[in-house]
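Whatever order the structure lists ligands and atoms in, that order sets their numbers, starting from 1. Being a predicted model, the structure only gives us computed values, none of them experimental.
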Amino acid sequence: MNKKLRIGVKSITGCAGCQLSLYFIEDVLLELLDKIDLVAAPMIKSKNEEEYDVLFIEGSVSSQDDLDNLLKFRKQAKFLIALGACASHGCMQSMKHLMNEKEVEKDVYNKFPSDKRLKPITSVPIHKHVKVDFYIPGCPPNNEEIAQVFKWLVQGKRLKVYDKAVCHECSLKENYCLLDQGIECLGPLMNGGCKALCPDYNHPCTGCRGMLDDANLKSGKEMLKDKGFDPDMMIKRMTKYNALQFKEFEKPPEESK
Ligand code: SF4
Ligand code: SF4
Ligand code: SF4
C-alpha cells in the first residue's frame with residue numbers, strides 16, 4: 001500500500017479565512033482519507049506533528065515570531081504551498097509599504113505588546129523569506145481550486161498555475177464589461193482563475209489574486225484613464241491587496257534589478 005501524503009496547515013499573520021476555505025472542502029478531504037493524513041491542523045486538531053510532505057501556509061510575515069515560525073516550517077516541509085493572498089502577495093497588511101509604517105503601527109496598536117517577538121515588522125509575503133513551491137492565491141482562495149490541488153497532489157500530477165487575466169474567464173462568460181458601464185474594474189491587470197467571481201456579480205475586480213507577472217501597469221493605467229477613471233481611485237484599488245507588488249512594478253528599471 002502506498003504511503004499516505006502527510007499534509008499540514010499552518011498559519012502566520014492572517015485572518016484564518018484561508019484555513020476555513022480549506023476545511024470547507026471536507027467532502028473532498030473525506031473522499032481522500034485513504035491517500036492523505038492531515039498531520040497538522042492546529043485550528044481543528046489538538047495533536048499536531050511537525051514533518052510534512054505538503055504544507056499549506058496561510059498569512060504574511062508580519063512579526064519576528066512569524067518569521068521564526070516560517071523558517072522552521074520550511075525546514076519541516078518537502079513541498080510548501082502559499083495559501084491565499086496574504087501568503088502569496090502580502091494582502092492588506094502590505095499597504096504599509098506605501099504609508100508611513102511607524103504611524104500606521106501607532107494608529108493600529110497604540111501600545112505594542114511587551115514581547116518583542118510579537119512586535120510588527122515590515123509585512124511581506126512568504127516568498128520573500130523562503131522558497132515557495134506553489135501558490136493558491138485569493139482572499140480567500142477558492143474552495144474548488146484547493147480541492148483540485150489536493151486531487152493533483154494525490155495523483156502525483158504537476159500542479160498547474162492559472163496565468164491568464166480575470167478578463168479571460170469574464171469574457172468566456174459573456175459578461176457585459178464593467179469598464180464599458182463606467183465601473184473601474186482591474187480585471188485586465190489581475191491574475192484570474194476565480195471564474196471572474198466579482199464581475200459576475202457586477203462588482204469590479206480589485207485584484208485579490210495578485211497582479212499578472214507580465215501586467216503592463218503603465219498601459220493599463222493609461223487605458224483606464226482614457227476611459228475617464230480617476231487615477232487615484234485606480235491606485236487605491238490596485239494596492240488594496242498588492243501594495244508591495246505595485247511598489248515593485250512602479251520601480252524604475254535600475255532599482256528593480
Ligand atoms: S488571504 Fe484573505 S482570507 Fe486569507 S488570511 Fe489573508 S486576509 Fe484572511
Ligand atoms: S468586467 Fe472586468 S474582468 Fe470582466 S472583461 Fe471587463 S474589465 Fe475584464
Ligand atoms: S474577480 Fe478579482 S477580486 Fe474578485 S475574486 Fe477574482 S481576482 Fe479576486
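Checked by atom type, the side-chain pair Ser123/Ser94 shows no donor-acceptor distance below 3.5 Å. Side-chain N/O atoms of Thr122 and Glu101 include a donor and acceptor closer than 3.5 Å. In the model, Asn191 has no side-chain atom that pairs as donor or acceptor with a side-chain atom of Asp163 under 3.5 Å. Remark: the Ser60 side chain and the Gln93 side chain contain an N/O donor-acceptor pair separated by less than 3.5 Å.
Looking at Cys139 against ligand 3, nothing comes within 4.0 Å, counting heavy atoms. Of the heavy atoms in Met92, none comes closer than 4.0 Å to ligand 1. Contact annotation for Cys194 and ligand 3: only side-chain heavy atoms (C-beta onward) come within less than 4.0 Å of the ligand.
Tyr162 carries Lys164 over the face of its six-membered ring, with the cationic atom under 6.0 Å from the centre and within 45° of the normal.
For atom 6 (Fe) of ligand 2, the nearest protein heavy atom (residue, atom name, distance) is Cys177 SG, 2.3 Å. Scanning all protein heavy atoms for the shortest distance to atom 8 (Fe) of ligand 1 gives Cys15 SG, 2.3 Å. Looking at atom 4 (Fe) of ligand 1, its nearest protein heavy atom turns out to be Cys18 SG, 2.2 Å. Among all protein heavy atoms, the one lying closest to atom 2 (Fe) of ligand 2 is Cys185 SG, 2.4 Å. Of the protein's heavy atoms, Leu178 N, 3.1 Å lies nearest to atom 1 (S) of ligand 2.
Every atom of ligand 3 with a heavy atom of Pro199 under 4.0 Å away is listed here by number and element: 1 (S). Distances below 4.0 Å separate heavy atoms of Gly187 from the following atoms of ligand 2: 3 (S). Interface of Gly207 with ligand 3, defined as ligand atoms under 4.0 Å from a residue heavy atom, comprises 2 (Fe), 3 (S). Residue contact check: Pro188 has heavy atoms under 4.0 Å from atoms 7 (S) of ligand 2. The atoms of ligand 3 that sit less than 4.0 Å from any heavy atom of Arg209 are 7 (S). If you number the atoms of ligand 1 from 1 as listed, the ones under 4.0 Å from a heavy atom of Ala85 come out as 1 (S).
Taking a cutoff of 4.0 Å between a charged side-chain nitrogen and a carboxylate oxygen, Lys225 and Glu222 do not qualify as a salt bridge. Looking at Asp200 and Lys173, a side-chain N of the basic residue comes within less than 4.0 Å of a carboxylate O on the acidic one, giving a salt bridge. Ion pairing between Lys227 and Glu184 fails under the 4.0 Å rule for side-chain N and carboxylate O.
Comparing heavy-atom distances from atom 7 (S) of ligand 2 across Asn175, Leu224, Leu172, Leu179 singles out Leu179 as nearest. Counting only non-hydrogen atoms, the option in Cys170, Cys198, Ala165 that gets closest to atom 5 (S) of ligand 2 is Cys170.
For Phe150 and Phe56, the distance between ring centers is under 6.0 angstrom.
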